[in-house]
**Student:** 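This is the structure I want to talk about, given as structure tokens.
This structure is a prediction, so every number in the text was calculated from the model and none was measured. Labels below follow one simple rule: chain letters A, B, ... track the order of the sequence lines, proteins then strands, and each chain is numbered from 1. The analysis underlying the following values was restricted to heavy atoms, covering all of them including side chains, and did not include hydrogens, waters or symmetry mates.
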2 protein chains.
Amino acid sequence: MAIPEKQILVCQSFRAGGDPKGVCFKQTDGFLQYMEEEILARGLDILITATGCMKLCEKGPIMVVQPDNWWFGGVDSEEAIDAILDGIEAGEPCAEYLLS
Amino acid sequence: MAIPEKQILVCQSFRAGGDPKGVCFKQTDGFLQYMEEEILARGLDILITATGCMKLCEKGPIMVVQPDNWWFGGVDSEEAIDAILDGIEAGEPCAEYLLS
């Protein structure tokens with residue numbers, strides 16, 4: 001695999017031993033699969049990367065788009081993911097979920 | 001916590017169930033702790049984020065610096081980490097480990 005154009009980091013709050021925990025993991029069941037399918041359907045060059053805790057649990061579920069450095073909170077539905085992907089395609093971060 | 005200036009993504013190849021596996025995990029034992037200490041010592045605003053597989057296993061261990069979008073491979077020693085952190089401070093990616 002070549003280096004992808006973008007990455008979407010999806011907090012799954014893996015602990016040191018690997019155990020996934022926390023609000024970001026509990027509220028995103030099935031989202032990774034959904035995102036992979038959406039990215040394929042849209043023809044985007046984006047790597048979905050599950051991560052350990054990104055230290056913003058109170059604003060979770062957290063997703064980050066890099067290298068844009070867009071941080072999103074409250075991403076708890078497929079509609080939210082769609083809005084974020086629409087924003088990536090438009091070149092503007094989706095304001096509704098954007099953290100600052 | 002506020003949004004950090006940078007993130008260093010450290011592949012730990014977490015599987016869906018959380019279990020860490022693979023070359024990136026096996027060759028980086030203790031590196032997360034070392035990086036946290038180095039970042040504190042250097043006074044850098046960088047979040048260390050452990051991740052699931054970043055699909056470049058054959059070039060692992062993999063680390064990515066965002067939002068610079070610098071991808072590094074073969075990061076298998078504290079000396080390699082020091083070189084990468086030196087590069088971040090200098091504003092230039094460490095050429096020795098840089099993937100393109």
Side-chain angles (χ1 to χ4, degrees), chain A residues 1-22 24-26 28-36 39-40 45-60 62-73 88 93 97-100, chain B residues 1-22 24-26 28-36 39-40 45-60 62-73 88 93 97-100:
Chain A
M1 197 193 83
I3 291 171
E5 189 180 330
K6 291 183 192 287
Q7 282 190 286
I8 300 180
L9 310 175
V10 182
C11 184
Q12 298 286 276
S13 206
F14 294 119
R15 298 308 195 250
D19 207 17
K21 299 271 187 193
C24 290
F25 173 68
K26 288 173 185 162
T28 60
D29 187 41
F31 284 12
L32 289 164
Q33 176 74 22
Y34 180 75
M35 294 173 82
E36 295 281 8
I39 281 160
L40 279 173
D45 180 19
I46 299 177
L47 176 68
I48 304 296
T49 302
T51 77
C53 183
M54 290 196 282
K55 313 274 181 77
L56 286 165
C57 311
E58 74 283 4
K59 294 175 182 164
I62 298 293
M63 292 185 195
V64 181
V65 178
Q66 293 288 14
D68 301 285
N69 208 25
W70 296 342
W71 289 64
F72 297 103
I88 290 172
Y97 301 96
L98 192 67
L99 302 175
S100 57
Chain B
M1 195 192 85
I3 292 171
E5 188 181 329
K6 291 181 192 286
Q7 282 189 284
I8 301 180
L9 310 176
V10 182
C11 185
Q12 299 286 276
S13 207
F14 294 117
R15 299 308 196 247
D19 206 19
K21 299 271 187 194
C24 290
F25 173 68
K26 287 174 186 161
T28 59
D29 187 39
F31 283 12
L32 288 164
Q33 177 73 23
Y34 180 75
M35 293 173 83
E36 294 283 7
I39 281 161
L40 279 173
D45 179 18
I46 300 177
L47 176 67
I48 303 296
T49 302
T51 78
C53 181
M54 291 197 281
K55 312 277 181 76
L56 287 165
C57 311
E58 74 282 5
K59 294 176 182 164
I62 298 291
M63 293 186 193
V64 181
V65 178
Q66 292 288 12
D68 302 286
N69 209 25
W70 295 342
W71 289 64
F72 297 103
I88 290 172
Y97 301 97
L98 192 67
L99 302 175
S100 57

**Student:** Side-chain contact, heavy-atom cut-off 4.5 Å: Gln7(A) with Leu9(B)?
**Tutor:**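 Of all side-chain heavy-atom pairs linking Leu9(B) with Gln7(A), at least one is under 4.5 Å.
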**Student:** Not counting sequence neighbours, which residues clear side-chain contact (heavy atoms from CB on, under 4.5 Å) with Leu98(A)? List them please.
**Tutor:**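 Scan of Leu98(A) (side-chain contact (heavy atoms from CB on, under 4.5 Å), adjacent residues dropped) gives Trp70(A), Phe72(A), Pro93(A).
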**Student:** If you look at every heavy atom in Asn69(A) and Pro4(B), which pair is closest and at what distance?
**Tutor:**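 Closest pair (atom of Asn69(A), atom of Pro4(B), distance): ND2-O, 4.2 Å.
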**Student:** Heavy-atom distances under 4.5 Å only: say whether Leu32(B) touches chain A with side chain, backbone, both or neither.
**Tutor:**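 Contact with chain A: none, neither part.
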**Student:** In terms of heavy-atom proximity below 4.5 Å to chain A, should Val64(B) be classed as side chain, backbone, both, or neither?
**Tutor:**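 The side chain, not the backbone.
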**Student:** Other residues, nucleotides and ligands only: do more than 12 of their heavy atoms fall within 6.0 Å of CG on Asp45(B)?
**Tutor:**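 Yes, because the 6.0 Å sphere around CG of Asp45(B) holds more than 12 heavy atoms from other groups.
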**Student:** Mind checking salt bridge (Lys or Arg N to Asp or Glu O under 4.0 Å) for Lys6(A) and listing every partner two or more places apart, or none if nothing turns up?
**Tutor:**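 By the salt bridge (Lys or Arg N to Asp or Glu O under 4.0 Å) rule, Lys6(A) matches Asp68(A).
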**Student:** Relative to chain A, which segment of Gln33(B) carries a heavy atom at a distance below 4.5 Å: side chain, backbone, both, or neither?
**Tutor:**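 No part of Gln33(B) comes within 4.5 Å of chain A.
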**Student:** Could you walk me through whether Met54(B) and Thr49(A) pass side chain to side chain contact (heavy atoms under 4.5 Å, CB included), step by step?
**Tutor:** CA-CA 7 Å; Met54(B) 291 197 281; Thr49(A) 302; 4.0 Å; yes
